[in-house]
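The structure appears right after this line, and notes come after that.
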Amino acid sequence: MSRLRVLFAASECTPLAKVGGLGDVVGALPGALRRRGHDVRVVIPRYRRTMQAVATRLARPLRVTMRDRVLESAVYETRLPSDDVPVYLVEHDELFDRDGIYGGVAHGYDDNARRFAFLSLAAVALEAVTGFDPDVVHFHDWPTALGPVHMRIRGARAASVLTIHNLAHQGAFGLEHSETLGFGRDAAALVGVEHAGGVNFLRGGIVSATRVATVSPRYAAEMLTLEGGAGLSETLRGRANPITGILNGIDDVLWDPRTDPHLPANFDASSLAEKAVCKRVLQRSLGLRERADVALLGCIARFVHQKGIDVLAQALPALLALDVQLAVLGAGEPWAERFFARLSASSPNVRAVIGYDEGLAHRIEAGADFFLMPSRYEPCGLNQLYSQRYGTLPIVRAVGGLADSVEHGVTGFVFEELSPESLVDAVKTALAVRRDSERFRAIQRAAMTKRMGWDQAAPQYEALYRLAMRDRAHEA
Ligand code: ADP
Ligand code: GLC
């Protein structure tokens, strides 16, 4: 089979710039594809936080035309630590030299339409600077969803693939932004960007991409329903070819309890005594009582509606009556930050760390007994995969990728209804299983030894790229 040339265009890429799971996917899937022999590269903005990365400045500047203005940018090249994946960092300080990636949770930066329209255009124009001529450009979520639109308008040779990681974030802006996007208003209507009295980046991408994918088969089906479609179900159903659901994998190197440098002790399915050390050290560091017998529940999440963090908050009185401990790490909606901070100060069995802490995320994954994900919806979810690998049984709601990746009573616990009662019942079931230590160990072993690496998803993306190339050749 021929070697594919693929350019990933995204707003996040772990470890250079990460807000959530999108960064993890863009940081790991290119490497998995390279291991299969393909030439895969990535383009992201040169944010303030990526400026310290060791990088070479390319000789030629990138020219991007937005409206009538030609913006000149420097492009830097760096490499990901694993698999030597080339990453192009597009510099435009006026747009990207700031602390955040998107801005606040409630309200992003005012000029996000312009920032990410620029990124989409830069990805499409990059070849002139790098000489890398991709067969497929693979876009991710709304920040790069105008890419497929521009490729279609220009009649680009390459095929475009758009992966939707979260349908709720669409890049919807007022119609007055239409011109800053790089095309006139009439064109915006034609290519599907104009929608519901405004512009909608994701809708444009869905209409224009050669192929559209999402991050689990279940979510691919959910997004076609009125309830799960976030206003775009009709657009999704209107595509000539179906939405492909490919379950995310995990980065086997970054998330391996046998070698994880963040842990006080390393372990695998046959050395669970070391996992007990991780639990003890975690309890100590958080100021929880060092008890081996009590079940320690972990939760790491962006505190947003999607994650059912309100449901967890409502369930807490009943949960804490069960004699469990809870370790929470997250940041987001202010009410949730206040709620968990207050509870952490007043309850001896709850510790919440408000903020972003990569190392602590690994230590909670390793030290907890169970991991809570009461998501309202979840396109894929990565933490339930990490926790399985670390023998920390996930307790998840049966939606999206959670339903596709956790098997009730086999590798974790699954509940249907989004309510505090259902969550508490599921925790009770899990605690009962834990009292049967032989059964509990068997589930831990099944979870830990399950194959979850990107080597399973990578061939599926490869097949999708080939379909997209075939479609593109037919169109042309
Ligand atoms: P989402 O992308 O919707 O936030 P995922 O489960 O796909 O959900 O991925 C979340 C990723 O972000 C995981 O790698 C998780 O560990 C990480 N993460 C989320 N919040 C924090 C935090 N406060 N500190 C450290 N890591 C976090
Ligand atoms: C999004 C989704 C999450 C998914 C991640 C990576 O952030 O919310 O469910 O795991 O993207 O695809």
Side-chain angles (χ1 to χ4, degrees), residues 8 10-15 17-29 101-102 105 138-144 162-170 202 213-220 222-223 228 230 244-251 254-255 260 262 298-309 327-333 336-337 340-341 351-366 368 371-390 392 394 396-397 399-406 452 454 457 461:
F8 275 55
S11 51
E12 300 178 32
C13 177
T14 303
K18 164 174 172 177
V19 174
L22 168 64
D24 289 0
V25 173
V26 177
L29 176 56
I101 290 184
Y102 307 113
V105 183
H138 188 170
F139 299 94
H140 297 265
D141 271 355
W142 77 265
T144 52
L162 170 68
T163 290
I164 300 173
H165 296 260
N166 193 336
L167 200 55
H169 303 298
Q170 301 179 357
L202 192 64
T214 189
V215 290
S216 70
R218 173 80 72 113
Y219 192 59
E222 287 171 354
M223 62 167 58
T244 308
I246 301 176
L247 192 70
N248 285 336
I250 64 175
D251 187 318
L254 287 181
W255 293 94
D260 190 331
H262 297 291
C299 179
I300 304 165
R302 295 180 294 115
F303 290 166
V304 292
H305 194 63
Q306 171 191 351
K307 301 292 174 184
I309 209 79
V328 181
L329 169 62
E333 288 171 11
E337 294 191 354
F340 284 105
R351 283 298 174 269
V353 175
I354 308 301
Y356 187 91
D357 187 333
E358 192 79 33
L360 183 58
H362 286 247
R363 287 188 291 277
I364 291 177
E365 288 288 7
F371 195 92
L372 304 179
M373 293 183 82
S375 299
R376 210 161 244 111
Y377 71 93
E378 195 63 74
C380 179
L382 294 174
N383 280 314
Q384 83 282 8
L385 302 177
Y386 300 147
S387 56
Q388 287 176 73
R389 175 57 41 87
Y390 284 64
T392 299
V396 305
R397 180 149 178 265
V399 284
L402 300 177
D404 284 340
S405 64
V406 181
M452 281 180 288
W454 276 105
Y461 271 107

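Numbers here simply count residues along the sequence, with the first being 1. Whatever order the structure lists ligands and atoms in, that order sets their numbers, starting from 1. Both backbone and side-chain heavy atoms feed into the values below; hydrogens, waters and symmetry mates do not.
Within ligand 2, the atoms closer than 4.0 Å to a non-hydrogen atom of V25 are 6 (C), 12 (O), numbered from 1 in the order shown. Each of the following atoms of ligand 1 lies closer than 4.0 Å to a heavy atom of R302: 1 (P), 3 (O), 4 (O). Close contacts of ligand 1 with G381, meaning ligand atoms under 4.0 Å from a residue heavy atom, involve 6 (O), 7 (O). Interface atoms of ligand 2 facing G21, defined by a heavy-atom separation under 4.0 Å, are 5 (C), 6 (C). Atoms of ligand 2 lying under 4.0 Å from at least one heavy atom of Q306, given by number and element, are 8 (O). Each of the following atoms of ligand 2 lies closer than 4.0 Å to a heavy atom of G381: 3 (C), 4 (C), 9 (O), 10 (O). Of all atoms in ligand 1, numbered sequentially from 1 with element shown, those under 4.0 Å from a heavy atom of L382 are 5 (P), 6 (O), 7 (O). Taking a cut-off of under 4.0 Å to the non-hydrogen atoms of N248, the atoms of ligand 2 that pass are 6 (C), 10 (O), 12 (O). Close contacts of ligand 1 with G330, meaning ligand atoms under 4.0 Å from a residue heavy atom, involve 23 (N). Listed by number with element, the atoms of ligand 2 under 4.0 Å from a non-hydrogen atom of N166 are 8 (O).
When L22, I250, I364, I300 are checked for heavy-atom proximity to atom 21 (C) of ligand 1, I300 turns out nearest. Relative to atom 3 (O) of ligand 1, the option among K307, H169, M373, H362 with the closest non-hydrogen atom is K307. Across the listed options L329, V25, N383, N383 owns the non-hydrogen atom lying nearest to atom 13 (C) of ligand 1. The heavy atom nearest to atom 25 (C) of ligand 1, out of those in D357, V328, T14, V304, is found in D357. Ranked by closest heavy atom to atom 9 (O) of ligand 2, the top entry among E12, H140, E378, H169 is E378.
Using a 4.5 Å heavy-atom cutoff, the side chains of F371 and E365 are in contact. Taking 4.5 Å as the limit, some side-chain heavy atom of L29 sits within range of a side-chain heavy atom of F8. When side chains are defined from C-beta on, Y356 does not count as touching L329, because their heavy atoms never get closer than 4.5 Å. The shortest side-chain heavy-atom distance between V215 and N166 does not fall under the 4.5 Å cut-off. Using a 4.5 Å heavy-atom cutoff, the side chains of D24 and Y386 are in contact.
Ligand 2 is never approached by G401 to a heavy-atom distance shorter than 4.0 Å. Look at G355 and you'll find a heavy atom under 4.0 Å from some atom of ligand 1.
For ligand 2, the polar-atom distance check against H165 finds a nitrogen or oxygen pair separated by under 3.5 Å. On a distance-only criterion, V215 and ligand 2 share no N/O pair closer than 3.5 Å. Considering backbone and side-chain N/O atoms, K18 comes within less than 3.5 Å of an N/O atom of ligand 1.
The minimum heavy-atom distance linking G332 with E337 is given by the pair N-OE2, 2.8 Å.
Neither the backbone nor the side chain of E365 comes within contact range of ligand 1; no heavy atom lies under 4.0 Å. When non-hydrogen atoms are compared, ligand 2 lies under 4.0 Å from the backbone of L22 (N, CA, C, O) but not from its side chain.
D404 places a side-chain N or O within 3.5 Å of a backbone atom of R218 that can act as its donor or acceptor partner. Checked by atom type and distance alone, the side chain of T214 never pairs as donor or acceptor with a backbone atom of A220 at under 3.5 Å.
Between H140 and H165, the ring planes are tilted. Angles from 30° to 60° get that label. A perpendicular orientation is assigned to the rings of W255 and Y390, their planes being inclined by more than 60° (bins at 30° and 60°).
Protein heavy atom in closest approach to atom 10 (C) of ligand 1: G21 N, 3.6 Å.
The side chain to side chain contact (heavy atoms under 4.5 Å, CB included) test applied to A213 returns T163, T244, Y461, L464, not counting sequence neighbours.
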How far apart are the C-alpha atoms of S11 and D141, what are their side-chain angles, what is the distance that settles it, and do they pass the side chain to side chain contact (heavy atoms under 4.5 Å, CB included) test? CA-CA 9 Å; S11 51; D141 271 355; 6.0 Å; no
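The existence of a salt bridge linking K307 and E378 is confirmed by a sub-4.0 Å separation between a basic side-chain nitrogen and an acidic carboxylate oxygen.
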